[in-house]
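Below: one structure, written as structure tokens.
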Amino acid sequence: MKSILDGRPPLQCEVEKTAEVAGYLWQNGWAERNGGNITVNVTDLVDEEVRRLPPISDVKPIGITLPSLRGCYFYCKGTGKRMRDLARQPMQNGSIIRILDDCASYVIIADQAVMPTSELPSHLAVHARLIEKGSPYKATVHTHPIELVAMSHNPSFLGKDVLTRLLWSMIPETKAFCPLGLGIVRYALPGSNGLAEATLRELEDYDVVMWEKHGVFAKGMDAMDAFDQIDVLSKSAKIYQSAKAMGFEPEGMSDAQMKEMSVAFNLPR
Ligand code: 2HA
Ligand code: ZN
């Protein structure tokens with residue numbers, strides 16, 4: 001079957017990279033059934049011919065108006081679609097959408113009329129904010145990492161930067177590769193405006209935020225970058241839990257050792 005990706009190596013490469021990440025989410029056990037979402041801003045990767053492609057769906061309302069997204073293009077996981085299927089067939093389990101000039105609606109342009117993720121308004125609100133800030137980030141990833149979600153069930157971990165410090169102290173790389181740490185969004189109904197608004201707020205200070213008792217939401221240069229940050233945090237959570245399972249509280253790196261990391265790697269905090 002013909003695909004919009006044919007003859008467009010940059011777009012194809014981006015979608016294939018996103019599919020690779022979807023496979024990792026599934027392999028890690030973070031993406032049961034249709035769990036999780038990925039959206040990627042591919043506006044810079046579409047040519048004039050793509051911009052002229054006719055829609056293959058009705059005009060759909062986003063639910064919010066996002067002026068900075070006028071004429072933008074996004075690759076989005078399909079609603080109800082599985083990450084493990086997207087990994088093999090990204091254009092049958094996701095689609096490319098065009099934001100219309102009213103900045104409040106979109107159409108699907110390729111390859112099939114796969115409706116985008118149920119969390120589209122919250123993902124697009126984050127992309128709009130990234131554009132407004134002049135950020136180079138193009139991807140948002142939501143997934144359900146087991147150990148991190150388990151830790152969010154302990155209220156004593158949910159104070160500001162309590163988990164950030166604990167996870168940073170488990171292995172030096174976590175601070176180096178997730179230098180802003182982990183923001184916390186208290187429990188809110190999936191898909192709700194409250195969840196979207198709290199996520200937007202917390203993403204002002206963090207690249208990865210925890211949705212209490214649900215999952216994480218990350219932004220990054222691309223889906224791989226967002227995944228890497230979740231992965232290093234998850235690795236730290238696993239080390240913490242391994243130590244606890246062996247019957248002891250892990251000592252963690254000292255404040256001085258963590259400070260030394262910040263100096264050596266020129267980290268923001
Ligand atoms: O779309 O994980 O939170 C599936 C989800 C929503
Ligand atoms: Zn979820």
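One-based numbering, in listed order, for ligands and for the atoms of each.
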In terms of side-chain heavy atoms, does Glu212 have a donor or acceptor partner in Ser152 at a distance below 3.5 Å?
no

Do Thr140 and Thr39 have side-chain N/O donor and acceptor atoms under 3.5 Å apart?
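Looking only at side-chain atoms, Thr39 and Thr140 do form a donor-acceptor pair, the distance falling under 3.5 Å.
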
Within less than 2.8 Å of the Zn ion (ligand 2): protein N, O or S atom count
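Near the Zn ion (ligand 2), the number of protein N, O or S atoms below 2.8 Å is 3.
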
Quick one: CG on Leu233 to CG on Asp228, what's the gap to the nearest 0.5 Å?
11.0 Å

Once rounded to the nearest 0.5 Å, what's the spacing between atom CG of Leu100 and atom SG of Cys72?
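Taking CG in Leu100 and SG in Cys72, the distance rounds to 11.5 Å.
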
Side chains of Lys235 and Met170: does their closest heavy-atom pair fall under 4.5 Å?
no

With a 4.5 Å cut-off on side-chain heavy atoms, are Val141 and Phe227 touching?
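No, side chains not in contact.
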
Using a plain distance cutoff, I'd like to know if [X] has any nitrogen or oxygen under 3.5 Å from a nitrogen or oxygen of ligand 1.
X	result
His214	yes
Gly36	yes
His144	yes

Examine ligand 1 and decide if any of its atoms is less than 4.0 Å from a heavy atom belonging to Asn37.
yes

Does NZ belonging to Lys2 count more than 12 external heavy atoms closer than 6.0 Å?
no

Would you call the rings of His123 and Phe217 parallel, tilted or perpendicular, taking 30° and 60° as the class edges?
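Tilted: the ring planes of His123 and Phe217 meet at 30° to 60°.
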
I'd like to check the side-chain contact (heavy atoms from CB on, under 4.5 Å) partners of His214; sequence neighbours left out, ordered by chain and number.
His142, His144, Pro190, Trp211

Short list, please: which atoms of ligand 1 are under 4.0 Å from a heavy atom of Asn34?
1 (O), 4 (C)

I'd like to check which ligand 1 atoms, numbered from 1 as shown, lie under 4.0 Å from a non-hydrogen atom of Glu119.
3 (O), 6 (C)

